[in-house]
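Please read the structure below before turning to the comments.
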Amino acid sequence: MRAAGIEAFGGDVHMLGLAAPRSPAPDEVVIAVRAAGVGNWDEIVRTGDWDVGRRPPLVLGVEAAGVIEAVGAEVSDLTTGDEVLTHPLPLRDQGAWAEWLVAPAALVARKPAAVSWKTAGAFPVPALTADQALTDAAPTPAGSWVLVNGGGGVTGGLAAQLAVARDAIVVATAGPRSSERVRGYGVHLVFDYHDPDWPARVRDATPDRRGVDAAVNTARGGGATAMRAVADGGRLATITGDPPPPERGVKVADVYVRADGARLAALAEAFAAGLLGLEAGASLPLHEAAAALEDAVAGKAVGATVLTLWPQVSAEKP
Ligand SMILES: NC(=O)c1ccc[n+]([C@@H]2O[C@H](COP(=O)([O-])OP(=O)(O)OC[C@H]3O[C@@H](n4cnc5c(N)ncnc54)[C@H](OP(=O)(O)O)[C@@H]3O)[C@@H](O)[C@H]2O)c1
């Protein structure tokens with residue numbers, strides 16, 4: 001099958017010619033991939049700093065959407081032809097930048113018809129991460145002040161929308177390109193992160209200038225800056241691997257996405273119901289995987305990037 005990945009950790013991304021995946025184990029499905037997301041996190045897999053459950057030769061990609069092609073003997077709630085999306089870690093076979101993907105059925109969610117392939121392929125990691133980080137930072141968000149640093153990004157945008165949906169008073173940072181869109185999420189106030197004093201301005205906006213009750217940081221290297229806007233005894237969750245040392249009684253969480261099929265299904269339904277939106281980015285053929293990853297790492301990719309894998313061209317099928 002056609003696939004894109006690496007021969008060694010730290011190696012260049014290129015096309016890999018691999019055998020079609022094995023038959024599914026009793027609790028697995030095989031998905032014919034239509035779209036697979038590309039994010040800065042794939043670089044962490046490429047360098048070997050995120051253990052996704054297998055070693056090179058490794059097909060990269062940790063999220064995808066597609067059509068079920070084969071089901072294991074014990075899978076009762078999914079069948080061939082079902083349209084699904086998944087963040088299937090730890091990998092049972094290979095990664096998602098490939099024509100076929102083996103996934104545990106428990107980590108697979110049905111794709112609502114209203115969600116496009118492109119969105120579905122890019123949705124699982126940012127949506128689960130935003131949901132999990134927000135829950136860590138603000139377990140009971142209704143009525144509390146919640147900051148999302150990086151509201152203009154894919155994951156930050158989802159975190160802001162989820163916080164609004166949970167009745168928090170949401171403030172966010174965004175650049176000029178994104179501020180109008182972020183305001184459209186129902187965010188109370190948007191601050192330009194280019195202003196070095198934005199954390200103080202956030203504090204000034206809160207009652208008694210105490211700061212926000214909770215913050216989700218989605219901006220690279222932004223954990224310590226976001227901390228400055230948090231009230232004493234508040235909570236901060238950062239997804240960029242930069243947890244600042246705790247201070248003033250602020251509880252800090254270093255969040256890494258956890259695979260969760262049931263939660264992914266609920267988030268996809270929320271998207272289909274119009275409660276969440278995702279800024280679409282580039283849609284590229286599989287053989288442009290290396291360039292897509294470079295753009296994500298360089299911060300050049302705007303919106304959610306996907307590799308498209310349809311129609312499958314390999315003659316050999318699982
Ligand atoms: N821990 C995990 O499991 C996990 C999961 C997913 C993502 N991540 C990480 O989270 C980060 C965001 O990922 P993503 O894919 O959502 O990002 P993204 O969509 O590529 O976000 C980029 C956006 O961030 C905004 N931004 C840039 N610099 C900023 C700053 N200094 N302050 C505030 N906002 C800034 C810009 O928006 P404007 O348009 O507003 O300028 C930019 O368009 C990445 O580092 C990624 O690796 C971690």
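Indexing begins at 1, ligand by ligand and atom by atom, following the structure's order.
Within the structure, every pair that satisfies the salt bridge (Lys or Arg N to Asp or Glu O under 4.0 Å) test and touches residues 239-259, not counting sequence neighbours, is listed here: Asp232-Arg248. Within the structure, salt bridge (Lys or Arg N to Asp or Glu O under 4.0 Å) pairs that include any residue of residues 53-67 do not occur (at least two apart or interchain).
Between Arg177 and Val302 the shortest side-chain heavy-atom distance falls below 4.5 Å.
Residues with a heavy atom under 4.0 Å from ligand 1: Asn40, Trp41, Val125, Thr129, Asn149, Gly150, Gly152, Gly153, Val154, Thr155, Thr173, Ala174, Gly175, Arg177, Ser178, Tyr193, Thr218, Ala219, Arg220, Ile239, Thr240, Val255, Tyr256, Val257.
Partners of Phe271 under the ring pair (Phe, Tyr, Trp, His ring centres under 6.0 Å) rule, at least two apart in sequence or in another chain, are Phe123.
Of the charged side-chain nitrogens involved, none lies within less than 4.0 Å of a carboxylate oxygen, so that Arg203 and Asp197 do not count as a salt-bridged pair.
There is no side-chain donor-acceptor pair under 3.5 Å between His14 and Asp12.
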